[in-house]
**Student:** 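Here you go, one structure.
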Amino acid sequence: METFADHYESMKRMIALHCPQADMQAIDRAVSYAEKKHRNQKRKDGSPYIIHPLAVAEIVAETGLDTDAILGAILHDCIEDTDSTYDEIARQFGSTVASLVEGVTKLTRVQYSTLEEQQMENLRKMFMAMSKDIRVVLIKICDRLHNTRTMEYQTPEKQVSKSRETMDIYAPLAHRLGMQKIKWELEDTSLKYLDPDGYNSIMSYLEAHQQEADRFMRAIQSKITTRLSSVGIHGSIYGRIKHVYSIYRKMKSQDKRIEELYDLYAFRVIVDTIPDCYNVLGHIHDLFNLVPGRFKDYISTPKPNMYQSLHTTVIGKEGIPFEVQIRTWEMHETAEYGIAAHWKYKEGIEGGNEKDFEWVRRLLESQQEENDAEDYIHSLKVDMFDDEVFVFTPKGKVMSLPAGSTPIDFAYAIHSGVGNTMIGAKINNRIASFDQRLINGDIVEILTSKSAKGPSRDWLKICNSNQARTKIKQWFKKEKREENVAHGKASFEGELRRGGINPSVLQDAELLPTLLKKLSFESLDDMYAAIGYGGLTAVKAFGRIREELTKANRQQKEKEAFKVAESQPGKASRHKDSGVIVEDIESCMIKFSRCCTPVPGDDIIGFITKGYGVSIHRKDCKNVNLNDAKLAGRWVKVFWSAAEEKPFSTTFEIDCVDRDGIWMDIASTLSAAKVRVTEISARETSTDRARMIATFEVRNVTELEAIRNKMRAIDGVIDVRRGQN
């Protein structure tokens, strides 16, 4: 088992190697403090908890960060997991270190309604701290890296959930910060738990072809080294096989087996100066054939995360394509450790670090008013996608935007005032439509007018960046309150009607406070306004309160029907209109139970309810208990009438393999059967299994069985059964 002493010595060696100027006295005091605070705590593998902070501090030191960051890493769990306080840490180690620790600390002591909401608040807090001191997120990424290295001790459920979060949030974040070395390890380790079969198959292939790959890489490396030595260029040349997740993603995107992929190899040439980089490029193109369209110059146009290199893909006599990356030593350090490399080369970054990362400012700006956890996480992923497009202003300034951006995104990236007064755009000096997609190298000019009426609601569908979308929403929120309320009310009530709900249920004084609390609004007008300016969709708002509205709507209908039945006893019996005859009861109200959704042709039985007529069940319904003596007198015989005048609602539960396209196949089967689908939902039940619930209308059990047989014939469907709610 790993010991405290082993990790302490390992951490000190890493500090001596990468941070020789670090204050070891302060670091020793922090280790002593943390060891005392965590003394009675153990990790999942039974080792002392202090090993984790020491391991995180070692990773932080390896990236080249300073003393305060190393202290923050050592103490990062003290506020969260012990009785330490911000003030206590500030007194002993300074307010900067205390702020770093507080920024990394999760909000686990605050109660939230959902895990997604808790995750949103944790991330929001981390990014706010990041805007003040970017070392907060660097420590957090190092913390996550060590947790992934020890994921084997977690439960299978925790392994999957944490790996998914790592892949969705922390790996893209490491990429955005330029920390490629950590990003690769996060992705590869997470893949091992998210798709163990896919991971193991790639690893098995690479191990089986290791000798062949080594021979190829030695030959290429020798050829490049010989040429550069002959012309007096000094540098380091080495080859590697691309990372497992990179290969996995390429296989998925190209729908190929690993045997069909060719560009599995990458070589790096690291030289002393930028002119040497371009000289090397010329020699590479002289030695090997260039693959057209695969050259990129990130030295003259660095990525937003400061990454710089020349990339070219070439092919030699062996017929195997490979990538060559050419960079200086400083560029290499930045490519490996990103923003952290600044502490090594520039002794830290003075002032607000946010200015060095335009995307951080955009991210904070676009997230500041987002209160929906699902939307927050989604937009966060979009903001951190690694796909981007580089375009120019008419004065030659380079602008980085998400891939797929339009002139609208460009306008709002310049300033909200430019976007709000935009009346047109030119791309490469030609008039362009608002929805034209920008490509690398485009020169974009925005045409504005003081008399412009402001953005259109359609722009929300056209733009691709969260920054533009947020600014457009802010304009509508500020300028068009009454219009937003009217627009939002019409949209929401339309959604209610599509869901079979009478909007009048919203007038229920007892129900309304419950609905507003669940929606997190003070009034219906506030919710309508949010829908109107795009802060919330009508579909999502309805989805959150669907259950309460459906119940209230059903009760309202039953009360109205019961009143009609009582006031008109001489009219024709209502049960005949329902397609059901109740034995010995001439006139009563009929309702079909939602627990088993009977349809004509099913064996059925009736239950006399208190105040709401007779409830019709299938005889095999789990709620039918004829042996209960207390209820025996309330069960009555019922029959289907000769002619059914309307369709009946029923539900299927479909267990299936969670493969791509299976939901579309099931939905297409229902569509081909020409039945009205009223509700459909799906969820994962295990790693590769899922369950779909489909509610639709049929006229009889014969039609229902025909649909069931068609569904059973779909590839991947395991079982189709009648719903039992």
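On a predicted model such as this, the values are computed, not experimentally measured, just so you know.
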**Student:** Report the distance from atom CD1 of I545 to atom NZ of K518, rounding to the nearest 0.5 Å.
**Tutor:** 8.5 Å
**Student:** Might you point out which heavy atoms bring V599 and T650 nearest each other, and give the distance in Å?
**Tutor:** CG1-CB, 3.8 Å
**Student:** To the closest 0.5 Å, what do you measure between CG (D525) and CG (N484)?
**Tutor:** 11.0 Å
**Student:** On a heavy-atom basis, which atom in S615 and which in T609 lie closest, and how many Å separate them?
**Tutor:** CB-CG2, 3.8 Å
**Student:** Is the ring centre of Y412 less than 6.0 Å from the ring centre of W475?
**Tutor:** no
**Student:** Is the shortest distance from a Lys or Arg side-chain nitrogen in D435 or K461 to a carboxylate oxygen in the other one below 4.0 Å?
**Tutor:** no
**Student:** Is there a side-chain contact between R689 and I718 (heavy atoms, below 4.5 Å)?
**Tutor:** yes
**Student:** Before accepting this row, confirm whether a basic side-chain N of the pair R722/D620 lies closer than 4.0 Å to the acidic partner's carboxylate O.
**Tutor:** no
**Student:** Pair E705, R708 - check salt bridge (Lys or Arg N to Asp or Glu O under 4.0 Å), show working.
**Tutor:** CA-CA 5 Å; E705 287 301 324; R708 193 207 305 248; 2.7 Å; yes
**Student:** Name all pairs fulfilling the ring pair (Phe, Tyr, Trp, His ring centres under 6.0 Å) condition that reach into residues 651-692, sequence neighbours left out, sorted by first residue then second.
**Tutor:** F652-F696
**Student:** Could you tell me whether the side chain of S405 and the main chain of P402 form a donor-acceptor pair under 3.5 Å?
**Tutor:** yes
**Student:** Less than 4.5 Å apart, any side-chain heavy atom of L512 and any of L524?
**Tutor:** yes
**Student:** Are L496 and L506 close enough that some pair of their side-chain heavy atoms sits under 4.5 Å apart?
**Tutor:** yes
**Student:** Run the salt-bridge test on E495 and R498 with the 4.0 Å N-O cut-off and return the result as yes or no.
**Tutor:** yes
**Student:** Is the shortest side-chain heavy-atom distance between K162 and Y170 below 4.5 Å?
**Tutor:** no
**Student:** Any side-chain heavy atom of C595 within less than 4.5 Å of one from H617?
**Tutor:** yes
**Student:** Could you pull out the closest heavy-atom pair between I472 and S456, with the gap in Å?
**Tutor:** CG2-O, 4.5 Å
**Student:** Does any donor atom in the side chain of T406 or D409 lie under 3.5 Å from an acceptor atom in the other side chain?
**Tutor:** yes
**Student:** The test is side-chain contact (heavy atoms from CB on, under 4.5 Å); show your working for F607 and N623 and say whether it passes.
**Tutor:** CA-CA 10 Å; F607 182 78; N623 292 322; over 6 Å; no
**Student:** Might you work through the side-chain contact (heavy atoms from CB on, under 4.5 Å) test for W640 and N700, ending with a clear yes or no?
**Tutor:** CA-CA 10 Å; W640 296 107; N700 52 55; over 6 Å; no
**Student:** Out of curiosity, D603 CG to C621 SG, how far, rounded to the nearest 0.5 Å?
**Tutor:** 13.0 Å
**Student:** Could you state the interatomic distance from CG (D168) to CG (L173), rounded to the nearest 0.5 Å?
**Tutor:** 12.5 Å
**Student:** Distance alone, cut at 3.5 Å: any donor-acceptor contact between the side chains of S504 and N502?
**Tutor:** yes
**Student:** Which side-chain N or O atoms in residues 675-683 pair as donor and acceptor under 3.5 Å with protein atoms at least two apart or in another chain?
**Tutor:**
residue : atom : partner : partner atom : Å
R676    : NH1  : E697    : OE2          : 3.2
T678    : OG1  : T695    : O            : 3.2

**Student:** Under a 3.5 Å distance rule, please check whether R469 uses its side chain to pair with a backbone N or O of C463 as donor and acceptor.
**Tutor:** yes
**Student:** Indicate yes or no for a side-chain donor-acceptor contact from S161 to the backbone of K158 under 3.5 Å, with no hydrogens or angles considered.
**Tutor:** yes
**Student:** Please walk me through it: do N420 and K471 pass side-chain contact (heavy atoms from CB on, under 4.5 Å)?
**Tutor:** CA-CA 9 Å; N420 292 338; K471 289 181 177 180; 5.7 Å; no
**Student:** Rounded to the nearest 0.5 Å, how far apart are CD1 of I714 and CD1 of I666?
**Tutor:** 5.0 Å
**Student:** Calculate, to the nearest 0.5 Å, the distance between atoms CE and CG belonging to M422 and L447 respectively.
**Tutor:** 8.0 Å
**Student:** Is a side-chain donor or acceptor of R618 paired with a backbone partner of P598 at a separation under 3.5 angstrom?
**Tutor:** no
**Student:** Is there a donor-acceptor contact under 3.5 Å from the side chain of S671 to the main chain of A667?
**Tutor:** no
**Student:** Decide yes or no for S491 and H487: does some side-chain heavy atom of the first lie under 4.5 Å from some side-chain heavy atom of the second?
**Tutor:** yes
**Student:** For M527 and L515, what are the C-alpha separation, side-chain angles and deciding distance, and is it a side-chain contact (heavy atoms from CB on, under 4.5 Å)?
**Tutor:** CA-CA 11 Å; M527 182 194 72; L515 301 181; over 6 Å; no
**Student:** Under a 4.5 Å cut-off applied to non-hydrogen side-chain atoms, are P503 and R497 in contact?
**Tutor:** yes
